[in-house]
Asks: 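Attaching a single structure in structure tokens format; questions to follow.
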Amino acid sequence: MSDVGPPPAIVLFFAMVISLACFVPLTGVLVRFRANYNPKGLQLDSEGGAAPHTGPVVNSYFQMLFRVYRIEGLAGLYKGLMPTAISTLIVSIVILVAVDAEQPRHGKYRAPETGVLGTLFYSLAMLVVSLPTSILTYRSITTPHRLSYFNLMASLRALLTPTERRRPWILYLTPGLMAAETSHICVIVLFLGPLRRLLLPKMSHPVISPSDISIWKLAIYLVLLCAAILVLTPLEVIATRLAIQRNHASAEYNSVSQEVDGDAEETVEYSGAEEDVIGLRNEGDPYLGLVDCAKRIIDEEGLMTLYRAWWITLLGGLGSSFA
């Protein structure tokens, strides 16, 4: 009597459900922690006088986790579920179609074994596919509004400016975002990938033994990985800040003043009744690009803001290296 297992599609579905249930809250807290605007100095009020910053001061990932749960409850932890689920489904279909099913791969930038240039092309192609949904995911996580899971048009009106809704391709032109994401990919594909194949060539084999790994080469790789984290973490923080920065037709106008009649976003209910989970930077003074964003974060919030939750980036690098 043959042992017949469940269909692969059913297994993939349940695996995706479990993955989303576990990682959506963790990712949401990470995005909010890195997006939280906490300037060190005084700011100008509406009358031009100096006023201290009154936004939330959150100093750790877990402090942000408890703050989200306290203010918005369990629903707040699952903000961004729908765009994450949609993007995960799309990327999974692309990978199943484009990658050999007999050799499944895991990891954000793990591409078919076609060499460095092939891997880079594959990763950049996946970036083009996933960038709009990544922007929507980050904005749905950080928005103070309570979005409907199934009312797509109302959610898009809350997350996108009229300019972005009329010209959706402008999302790709968000100042500095594509440069930050491309730089992140290049560090992984052009630096960490070749180093891993050079120092730990047998790590990609399905079965390895302790004798297959040189302790000295492993130590060198870990040191270089930590050095790469010093570059990757700021790029991730910058990408988060730039993704939630909406594109307006004119920098001096906010999205509400640009709305057409009957299309205002104040009709969307707020998630927190008394306070916002995070503070967001004034959209009237946007970041102008990758370098400008890094300089302003350092000047306004301090260098360590670029290294928020660095240990999560390190754990991700270790996981993708030894997967």
Side-chain angles (χ1 to χ4, degrees), residues 27 30 34 84 86-138 169-206 217-218 220-243 289-291 293-294 306 310 312-323:
T27 302
L30 176 63
R34 289 175 168 173
T84 302
I86 293 173
S87 62
T88 301
L89 180 62
I90 293 175
V91 172
S92 299
I93 293 175
V94 171
I95 291 177
L96 288 176
V97 171
V99 180
D100 184 2
E102 296 181 358
Q103 295 180 348
R105 299 169 174 86
H106 306 280
K108 189 173 181 179
Y109 301 122
R110 187 67 56 83
E113 300 296 339
T114 56
V116 174
L117 293 180
T119 303
L120 180 62
F121 176 80
Y122 174 89
S123 302
L124 293 176
M126 294 300 296
L127 171 62
V128 172
V129 172
S130 63
L131 187 66
T133 54
S134 296
I135 292 175
L136 291 176
T137 300
Y138 284 15
W169 59 86
I170 203 174
L171 293 175
Y172 289 101
L173 304 179
T174 301
L177 180 57
M178 186 65 77
E181 295 286 8
T182 301
S183 300
H184 192 278
I185 289 175
C186 289
V187 172
I188 292 177
V189 175
L190 302 180
F191 179 69
L192 289 179
L195 275 178
R196 180 177 178 271
R197 288 189 289 269
L198 176 64
L199 298 174
L200 305 171
K202 295 186 179 180
M203 288 298 299
S204 58
H205 294 178
K217 290 182 178 181
L218 177 61
I220 293 173
Y221 178 78
L222 292 177
V223 170
L224 295 175
L225 175 62
C226 292
I229 298 302
L230 296 177
V231 178
L232 292 175
T233 305
L235 288 173
E236 293 176 2
V237 173
I238 291 170
T240 300
R241 294 292 183 94
L242 295 175
L290 171 62
V291 176
C293 181
L306 291 174
W310 60 267
I312 294 182
T313 303
L314 177 60
L315 291 177
L318 292 172
S320 61
S321 297
F322 300 106

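All heavy atoms count here, side chains included; hydrogens, waters and symmetry mates do not.
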Asks: Taking the side chain as every heavy atom from C-beta outward, state whether Ile220 and Leu195 have any pair of such atoms under 4.5 Å apart.
Replies: no
Asks: To the closest 0.5 Å, what do you measure between CD (Glu181) and SG (Cys186)?
Replies: 11.5 Å
Asks: Show the nearest heavy-atom pair for residues Leu242 and Gly289, with the distance to one decimal.
Replies: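 Closest approach of Leu242 to Gly289: CD2-O, 4.4 Å.
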Asks: Hey, does Leu177 have a side-chain heavy atom less than 4.5 Å from the side chain of Ile135?
Replies: yes
Asks: Is atom OH of Tyr172 surrounded by more than 12 heavy atoms (other residues, nucleotides or ligands) closer than 6.0 Å?
Replies: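 Result for OH/Tyr172: enclosed.
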Asks: Going through the distances and angles, do Thr84 and Thr133 end up as a side chain to side chain contact (heavy atoms under 4.5 Å, CB included)?
Replies: CA-CA 7 Å; Thr84 302; Thr133 54; over 6 Å; no
Asks: Which residue, Thr240, Thr313, Leu290, forms the side chain to side chain contact (heavy atoms under 4.5 Å, CB included) with Leu235?
Replies: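 So the option named by the test is Leu290.
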Asks: Tell me the salt bridge (Lys or Arg N to Asp or Glu O under 4.0 Å) pairs involving residues 221-242, sequence neighbours left out?
Replies: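 Listed once each, the pairs are Arg34-Glu236, Arg241-Glu301.
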Asks: Determine which pairs satisfy salt bridge (Lys or Arg N to Asp or Glu O under 4.0 Å) with at least one residue from residues 116-136, sequence neighbours left out, and list them in order.
Replies: none
Asks: Which donor-acceptor pairs under 3.5 Å do the side chains of residues 221-234 make with protein atoms, sequence neighbours left out?
Replies:
unit_1: Tyr221; atom_1: OH; unit_2: Ser321; atom_2: OG; d: 2.6
unit_1: Thr233; atom_1: OG1; unit_2: Ile229; atom_2: O; d: 3.0

Asks: In Å and rounded to the nearest 0.5 Å, what is the CD1 to CG distance from Ile86 to Leu136?
Replies: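 Result: 9.0 Å between the selected atoms.
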Asks: Taking all heavy atoms of Leu120 and all of Ile185, pick out the closest pair and write down the distance.
Replies: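 It is CD1-CG2, 4.0 Å.
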Asks: For residues Leu199 and Lys217, report the shortest heavy-atom separation together with the two atoms involved.
Replies: O-CD, 3.4 Å
Asks: Any side-chain heavy-atom pair from Met178 and Leu127 closer than 4.5 angstrom?
Replies: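 The answer is yes; the side chains approach within 4.5 Å.
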